[in-house]
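For the numbers below, each heavy atom of this structure counts, side chains included, while hydrogens, waters and symmetry mates do not.
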Protein chains: 2
Amino acid sequence: MEAVPRKTTIREVARAAGVGIGTISRVLNSSSQVSWKTRARVLDAIRRLGFRPNAQARRILKKRAEMVCFLLSNRDFLHPFHARILQGVESYASGMKQHVLFAALHYSPRTPPEKIDLPPVLQEHGLIDGVILAGTIYPNLLRRIEGIQMPFVALSNNVMGMDDVQQFDQVGFDDLNGTLQATRYLISKGHRRIVFAGDVSYPWLQRRFEGYGRGMREQKLKPVLITARNVPSFGDFGQESVGRILSGRSRPTAVVAGNDEIAYGLWRALCRRGVKVPDEISLVGFDDREEAVLMDPPLSTVCVHKEEIGETCMKMLLERLHHPQMAFSQRVLPTEFLIRGSVRQL
Amino acid sequence: MEAVPRKTTIREVARAAGVGIGTISRVLNSSSQVSWKTRARVLDAIRRLGFRPNAQARRILKKRAEMVCFLLSNRDFLHPFHARILQGVESYASGMKQHVLFAALHYSPRTPPEKIDLPPVLQEHGLIDGVILAGTIYPNLLRRIEGIQMPFVALSNNVMGMDDVQQFDQVGFDDLNGTLQATRYLISKGHRRIVFAGDVSYPWLQRRFEGYGRGMREQKLKPVLITARNVPSFGDFGQESVGRILSGRSRPTAVVAGNDEIAYGLWRALCRRGVKVPDEISLVGFDDREEAVLMDPPLSTVCVHKEEIGETCMKMLLERLHHPQMAFSQRVLPTEFLIRGSVRQL
DNA sequence: CGATTCTATGGAAGCGGTTCCAAGAAAAAC
DNA sequence: GTTTTTCTTGGAACCGCTTCCATAGAATCG
């Protein structure tokens, strides 16, 4: 490794400007009063020397990294869903002069979720002030993070297997109410035979199914869950399950899909069989991915405000950093059912 | 802001282990030889005290941040394309014990691309070792980054308005050859009247059009460019231009779309008019987004290996960091035409 | 067995900033 | 004109680590 070019330090600036080092620091932090003349001289020297203060050195004294980590498992990252959340995080962070470190949790067949270690960025101290846990989160990881006393905010919809009172900061969105609204809407449009497509192995799918179930039971209708086993991805779900949905004595008039990907797969499978949406069967999704509006007909779906979730995570984390003793808070952001073309009035 | 809980330092560990601070440091860096017994004592003390070394302090001495910045304009970020590149960057970086800082360039109507300032993360020195420039890059930004002598690698496909010899490290993929292959394939399938859909305001679309043009001219066929003006996004491109494609005396039998988004929009517009793909018109795209394979028929498209691009960017940046004087290099990664169902044999 | 080499270890110096205290200069008060 | 207060300013000390030098004991050698 060759030598890094020598960088200007605060002492050289001080010499160039003919002032003391303390003065340079004061100018940089625009803290206490520096006389108009001195400030100009310093600023000039800084410009002439192309001086940029060393961030590490400042941080070591300030005891704040001004950086948070956005942690995502490598399983989840493909999804634009999380990319949008990251965008929200970055957007709020940059407004607060914070940086965002992107890190992935590298799960692999060799390191099953139950025994994964802390990611390197959390092993060392001082690099980041806190963590935002997006993507699927396993309880053991949470406990490790608590163990090192690293402040964090979790995207609660993705926390696995902790349905009890959770003693940490969370931001989530309202799965249950989303499908509840969607189901009510379908019912208001005259639908009675409505099925839910999705498995319930994820807590969020479980909640979405519950919301649908509640909507059905409100009107004394019977909830029906359609699952598909052993599908490689949500996109293949429809292909696998469309047969079971269409067969049976009384074919449903509408399907609530567990997410947009399932809805999209279903739509394709239906198209292929010549079943028209929404003429013969209505369809609603969940997430409002970019493609939802591009489908034909555009998909009615439950919109999750992803940027807002990201911003809220960041905001909550900053509050935690400023008030470490504050009580934990859980925020559930509302979801919004968007009426588009994929539902027909019966 | 309340007090940050006091963290254990190397001196406390030294006291607890009954050794000197230098020894702790040597154990941590597993550098020079420490006796088996002492090492065990130190390791034990570290565990007992829950000591995690302060990363900032180490970096200030090592003069390396072990961190690179992935910089993307806020215009580009929505696209899964860049998310995948980021994934590739992170993947390679984590293998090399490097961290990835995610930063966005906040363009706005108030700050047009020509006069945007350096992002905050580049204003300070020592935070990052280098930058990966993804997303649309304007020359003035490049010059600013050169000005502060920050090592960088650019995703060359997105560099605007610099077609001369470029004196910096670049990773790109082969736009021209991609459409060339696609066009040759179409011709091999018996197509003669082939049009290109896309405008040429972006350099990469320009190159894709050129590749298509070359393929056509090889067979003495006449290239035709179909553009759409004033469309809010590539997705709306098809809707806008489908009329012009289908009308005219001799309707084309195939369309090369500038990217998958255009292809998708086109496909929808064609569906809506009852024109069947590929029976009545064949269609190929570019990028191989996730949705390409989910379309019906699955879209034949030019695959860009996004993770590989990310990895290559990271790799090249690390080489640059280790050898600052090394000559600049430009790498163009191959693209690959994927045959799927959207092209018909004539 | 004394001289020489080697290995393990302690701790001072220093990285590039911030902070604080003391002190000089200027302004205000008496 | 002298005293008091306020405003600026310089620079030592320090943040938590690495690095290097000095030293002490062990090992090797003639």
Side-chain angles (χ1 to χ4, degrees), chain A residues 1 3-43 45-46 49-67 123-129, chain B residues 1 3-43 45-46 49-67 123-129:
Chain A
M1 177 143 4
V4 183
R6 185 80 180 70
K7 291 289 176 182
T8 355
T9 76
I10 206 173
R11 272 161 246 269
E12 297 170 50
V13 178
R15 200 149 39 76
V19 300
I21 54 166
T23 305
I24 307 295
S25 180
R26 278 180 287 257
V27 170
L28 288 175
N29 297 291
S30 57
S31 57
S32 46
Q33 50 275 54
V34 178
S35 81
W36 191 89
K37 268 179 84 173
T38 320
R39 157 165 275 123
R41 276 232 307 292
V42 171
L43 254 22
I46 287 177
L49 299 179
F51 169 74
R52 290 177 301 141
N54 184 309
Q56 316 279 4
R58 172 197 280 120
R59 271 148 221 224
I60 202 177
L61 292 202
K62 287 279 174 78
K63 298 204 188 305
R64 282 236 120 81
E66 292 162 10
M67 190 177 310
Q123 308 267 12
E124 39 192 355
H125 155 239
L127 225 192
I128 54 170
D129 295 324
Chain B
M1 178 145 1
V4 183
R6 186 79 181 71
K7 290 289 177 182
T8 352
T9 77
I10 207 173
R11 268 164 249 268
E12 298 171 49
V13 178
R15 202 149 37 77
V19 300
I21 55 164
T23 304
I24 308 294
S25 180
R26 276 180 289 258
V27 169
L28 288 175
N29 297 292
S30 58
S31 57
S32 46
Q33 49 274 54
V34 178
S35 81
W36 190 87
K37 268 179 83 173
T38 320
R39 157 165 276 124
R41 277 234 306 291
V42 169
L43 253 23
I46 287 177
L49 299 178
F51 169 73
R52 290 178 301 141
N54 184 309
Q56 315 280 4
R58 171 193 282 122
R59 271 146 220 225
I60 201 177
L61 293 200
K62 288 279 173 78
K63 298 206 186 304
R64 284 235 119 80
E66 292 161 10
M67 190 179 306
Q123 307 269 11
E124 40 192 354
H125 155 239
L127 225 192
I128 54 172
D129 296 324

Pairwise distance [atom1]([X]) to [atom2]([Y]) - rounded to 0.5 angstrom:
X     : Y      : atom1 : atom2 : value
B:R58 : B:S25  : CZ    : OG    : 8.0 Å
A:Q56 : B:K63  : CD    : NZ    : 11.0 Å
B:M67 : B:L127 : CE    : CG    : 6.5 Å
A:R15 : A:I21  : CZ    : CD1   : 12.5 Å

(message) Between the side chains of B:E12 and B:K7, is the shortest nitrogen-to-carboxylate-oxygen separation below 4.0 Å, so that they form an ion pair?
(response)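 Salt bridge between B:K7 and B:E12, a charged N being under 4.0 Å from a carboxylate O: no.
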
Short side-chain N/O contact to [N] OP1/OP2 from [X], under 4.0 Å:
X     : N      : answer
B:K63 : C:dG16 : yes
A:T23 : D:dG10 : yes
A:T38 : D:dT8  : no

How close or far is atom [atom2] of [N] from atom [atom1] of [X], stated in whole angstroms?
X      : N      : atom1 : atom2 : answer
A:R41  : D:dT8  : CZ    : P     : 14 Å
A:R39  : D:dC7  : CZ    : C1'   : 14 Å
B:E12  : D:dC15 : CD    : P     : 11 Å
B:L127 : C:dG17 : CG    : P     : 13 Å
B:I46  : D:dG16 : CD1   : C1'   : 14 Å
A:R64  : D:dG16 : CZ    : C1'   : 17 Å

(message) Starting the side chain at C-beta, find the nucleotide from D:dT9, C:dC15, C:dT9 nearest to B:V34.
(response)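 Of the candidates, C:dT9 comes closest.
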
(message) Is there a side-chain contact between B:L28 and B:I46 in this structure, where contact means two heavy atoms from C-beta onward sitting under 4.5 Å apart?
(response)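 SC-SC contact between B:L28 and B:I46 confirmed.
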
(request) For nucleotides 17-23 of chain D, just jot down a letter per nucleotide in 5' to 3' order: B, S or -, based on protein non-hydrogen atoms under 4.0 Å. (result) BBBB---

